[in-house]
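Presented below is the structure to which this report refers.
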Amino acid sequence: MYVLLAIDAVLIILGFLFKDENPLADGSFVDIAIIWTIVLICIGVASAVVSEGANAASDPKLLAKGGAALVCLAIVLGIFWAIGDETPLQLVGYEGDENQGAWLRVSDMGLFSIYLALAAGVLSIIVSEVYQLFR
């Protein structure tokens, strides 16, 4: 874990040191940071799958609960995908291929997921405080 934190710190420091005079190609530190984020997400997903597999081996009922949670997650993401908008954004100077169709739905799905997580977090804080108040 300390190795991952050290790599994060080095990437952040390099980004601040070379923000004006980039010795590599334009935007390379951003690209490196995005790739590193993807690597960290893959490590997190792999560790979650391995730990759940180890837990399911000891108690098969946990596998059913985990499967139900994944089905619920897939349903919520499917709903967010369905309500996503495919209208291209008017971005000045942007010439990439990601401003269309499925990419716009994926970004909407991510935004709606963040909104749901934020609302659930705020609601859980409020409910727990009210619960402790009347307990």
Side-chain angles (χ1 to χ4, degrees):
M1 186 158 126
Y2 291 117
V3 173
L4 297 177
L5 188 60
I7 293 172
D8 290 338
V10 167
L11 287 176
I12 291 170
I13 290 169
L14 286 176
F16 279 115
L17 287 178
F18 298 111
K19 69 177 178 180
D20 295 328
E21 51 186 71
N22 196 345
L24 303 173
D26 188 25
S28 65
F29 288 116
V30 173
D31 293 341
I32 292 171
I34 290 172
I35 292 170
W36 180 243
T37 302
I38 292 170
V39 167
L40 289 177
I41 289 171
C42 291
I43 290 171
V45 167
S47 64
V49 167
V50 168
S51 67
E52 283 300 314
N55 288 339
S58 63
D59 187 8
K61 291 180 183 177
L62 292 177
L63 191 59
K65 290 180 182 178
L70 287 177
V71 168
C72 290
L73 177 66
I75 290 171
V76 169
L77 290 178
I79 291 170
F80 289 160
W81 172 273
I83 62 175
D85 191 14
E86 290 187 358
T87 305
L89 303 172
Q90 302 301 320
L91 304 171
V92 177
Y94 179 74
E95 310 243 348
D97 294 332
E98 287 82 15
N99 191 17
Q100 59 187 350
W103 289 110
L104 293 171
R105 284 185 175 241
V106 167
S107 63
D108 283 349
M109 183 177 61
L111 286 172
F112 294 151
S113 299
I114 291 170
Y115 297 155
L116 178 67
L118 177 66
V122 170
L123 186 64
S124 68
I125 291 170
I126 292 170
V127 168
S128 68
E129 290 297 321
V130 169
Y131 177 75
Q132 288 180 0
L133 186 67
F134 290 114
R135 193 172 85 160

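Side chains are part of it too, since the values below use all heavy atoms of this structure and drop only hydrogens, waters and symmetry mates. Quick caveat: nothing in here was measured; it's all calculated off a predicted structure.
- Linking Ile, Leu, Val, Met, Phe, Trp and Tyr residues whenever their side-chain heavy atoms come within less than 4.5 Å places Ile126 and Leu118 in a single cluster.
- The distance from the CD1 atom of Ile35 to the CG atom of Leu11 is 10.5 Å, given to the nearest 0.5 Å.
- Note on residues 107-117: no pairs pass salt bridge (Lys or Arg N to Asp or Glu O under 4.0 Å), not counting sequence neighbours.
- Under the 4.5 Å side-chain heavy-atom criterion for ILVMFWY residues, a single connected hydrophobic cluster contains both Val106 and Tyr115.
- For the atom pair Ser107 OG and Asn99 CG, the distance stands at 9.0 Å (nearest 0.5 Å).
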Would you be so kind as to tabulate the donor-acceptor pairs closer than 3.5 Å made by side chains of residues 39-58, with sequence neighbours excluded?
residue : atom : partner : partner atom : Å
Ser47   : OG   : Ile43   : O            : 3.2
Ser47   : OG   : Gly44   : O            : 2.9
Ser51   : OG   : Ser47   : O            : 3.1
Ser51   : OG   : Ala48   : O            : 3.1
Asn55   : ND2  : Ser51   : O            : 3.4
Ser58   : OG   : Asn55   : O            : 2.8

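- Contacts classified as salt bridge (Lys or Arg N to Asp or Glu O under 4.0 Å) and involving residues 124-135 (residues at least two apart or in different chains) are not found.
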For residues 79-87, which side-chain N or O atoms pair as donor and acceptor with protein atoms under 3.5 Å away, sequence neighbours left out?
residue : atom : partner : partner atom : Å
Asp85   : OD1  : Thr87   : N            : 3.3
Asp85   : OD1  : Thr87   : OG1          : 3.0
Asp85   : OD2  : Thr87   : OG1          : 3.2
Glu86   : OE2  : Arg105  : NE           : 2.8

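- Residues satisfying the side chain to side chain donor-acceptor pair (under 3.5 Å) criterion with Trp103, sequence neighbours excluded, are absent altogether.
- Following chains of ILVMFWY side-chain contacts shorter than 4.5 Å, one can reach Val3 starting from Trp36, so the two form part of one hydrophobic cluster.
- In terms of hydrophobic clustering, with Ile, Leu, Val, Met, Phe, Trp and Tyr side chains grouped at heavy-atom distances under 4.5 Å, Leu104 and Met109 are assigned to different clusters.
- Among residue pairs with one or both ends in residues 61-76, none qualify as salt bridge (Lys or Arg N to Asp or Glu O under 4.0 Å); sequence neighbours excluded.
- Atom CG of Leu111 and atom CG of Leu116 lie 12.5 Å apart (nearest 0.5 Å).
- Few gaps surround OH on Tyr94; more than 12 heavy atoms of other groups in view lie less than 6.0 Å from it.
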